[in-house]
Amino acid sequence: MKIRNPQSGEKNELNMTSMIDIVFLLLIFFVMTFKIVEMEGDFSVKMPLAGSSNSTVDPTELPLKLRLRSDDTGTLVGMELNDIQMGNGPEAFDKLRGTIIGQIGSSAPVAEEAGEGPEVEIDTDYNLRYEYVIRAITAVSGYKDGDQVVKLIEKIKFAKPRR
Amino acid sequence: MRVKRQKVDMAEGDMTPMIDMTFQLIAFFMVLINFAQTEANDHVVLPNSKLVKPPEAPLVFPIVLHVAADGRVYLGGDDYTAETLRIGLDRELAVIRGEGKKPADANVVIRGHKDCAAGEIQEVVRVCQDSQLVNFALRVKEDRS
C-alpha cells in the first residue's frame, strides 16, 4: 500500500532572526569596547628616604651624578655625568650609556643581585620633561643586545627637586 | 475568467556566510578584549623605553599614581596635587596596615605623563618617601621599534 506523505517536500527551517539580532549586538559591544593594548613595563627602583637606608656605601665606588638641564619649555639643553658633558641631542644618551659602561668597568651584564652595584643619582631641573628622564634612566639601566637586555645600573635615586 | 493563483515562494538569501563571518569577528574581538586595563588613565600618555618588559607577576600591594601633564596626581577616583597627595596615600596605607603589612611592602607605580615636569615626579616620590614608601615602579610603554 502506498502511504501518502503530504509534508514530504517541505523543509523545516529555523527562525534565525533573533539569533542574528543577538550576534550583532555582541559584535557591536566588542567593537565599541575594543582597545589596542599597549604593552607596559616598569623601571623598578628602591628609593628610601635619604638617611634611612641601611645599606653601606662602598667608599671605593665613584658616586655617579647625572645632571639634566632644561630650558623654560622643558627641553633638554644639557646633560652631565660627574661633570662630563654629554650634550643634548639624540646621541647624548648613547654617549651617556658608553660613559656608564666605561665607568662601571665592563659592558658585561651586572652579575650582582638586584639592589647591589653602583648607584646613579639623577639631579634634574624642575621643568624638564619626564620623557627625557626616562630616556636617561633607559641609558643608564642597560641596553639591548639582540633580544637580550644587558643590565648596567639598577640603583637609581632622585636628588631633591629644584624649584 | 478564473485566475489560477500560483503559490509564490519567498526569496530568501543564504545567510550562512554572513553568520560565519559575524561569529569569526566576535571570536576575534573576544580574544583580544582586555578588561584588565583598569590601570590606564586618559590623562596620561606614558613615555616609552626599549628596555622594559611587561611584568611576569603582578606587583604586591600596588598604589598606582597617575601624574598628568599639568602635575595633577590621580589616585583611585580622586585627584590631588603633590601637596595634598598625603591624604590619599594615608588612606591606601591604612588598608595595607589593616592587612598586617608595612608601607615598605607596598609598591608605588608612577604612571607619569611624558610631558609632565620631572620636578612633579620628584615631588610625588618625595611625598611617598615621607610616608615610608620605598618601592617605586616607573611605568613606561614598551618600545618595540
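Chain A is the first sequence line, chain B the second, and so forth, proteins listed ahead of strands; every chain is numbered from 1.
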Structural part of [X] lying under 4.5 Å from a heavy atom of chain A:
| X | value |
| --- | --- |
| B:Ile19 | side chain |
| B:Leu51 | both |
| B:Asn107 | neither |
| B:Val140 | both |
| B:Leu133 | backbone |
| B:Ile121 | side chain |
| B:Met18 | side chain |

Winner by heavy-atom pair count (cut-off under 4.5 Å) against chain A, out of B:Asp143, B:Asp115, B:Asp130: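 With the most close heavy-atom pairs to chain A, the winner is B:Asp115.
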Largest heavy-atom contact set with chain A, pairs under 4.5 Å, which of B:Gln132, B:Lys50, B:Glu123: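 Greatest number of close heavy-atom pairs with chain A: B:Glu123.
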Structural part of A:Ile156 lying under 4.5 Å from a heavy atom of chain B: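 Neither; nothing under 4.5 Å.
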Part of A:Leu27 lying under 4.5 Å from any heavy atom of chain B: both
State whether a side-chain donor-acceptor pair under 3.5 Å links [X] with [Y].
| X | Y | value |
| --- | --- | --- |
| A:Ser141 | A:Thr138 | no |
| A:Asp71 | A:Thr73 | yes |
| B:Ser131 | B:Arg86 | yes |

Evaluation steps, side-chain contact (heavy atoms from CB on, under 4.5 Å), between A:Arg135 and A:Phe93: CA-CA 7 Å; A:Arg135 285 171 72 180; A:Phe93 295 98; 3.7 Å; yes
I'd like to verify something: which residue of [options] has the highest number of heavy-atom pairs under 4.5 Å with chain B?
| options | answer |
| --- | --- |
| A:Lys160, A:Glu131, A:Met47, A:Lys144 | A:Met47 |
| A:Leu128, A:Val31, A:Val45 | A:Val45 |
| A:Ser70, A:Gly74, A:Ser44 | A:Ser44 |

Over all atoms of both residues, closest heavy-atom pair of A:Pro161 and B:Gly119: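 Answer, listing the atom of A:Pro161 first, then B:Gly119: CB-O, 4.4 Å.
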Nearest non-hydrogen partners of A:Leu64 and A:Pro118, listed with the distance: CD1-CB, 4.4 Å
Side-chain heavy atoms of B:Phe136 within contact of B:Cys128, under 4.5 Å: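 B:Phe136 vs B:Cys128: side chains touch.
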Side-chain ion pair, A:Asp123 and A:Arg162, N-O less than 4.0 Å: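 Here A:Asp123 pairs with A:Arg162 in a salt bridge, since their nearest N and O are under 4.0 Å apart.
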A:Leu68/A:Val133 under side-chain contact (heavy atoms from CB on, under 4.5 Å): CA gap, chis, key distance, verdict: CA-CA 8 Å; A:Leu68 303 169; A:Val133 178; 4.2 Å; yes
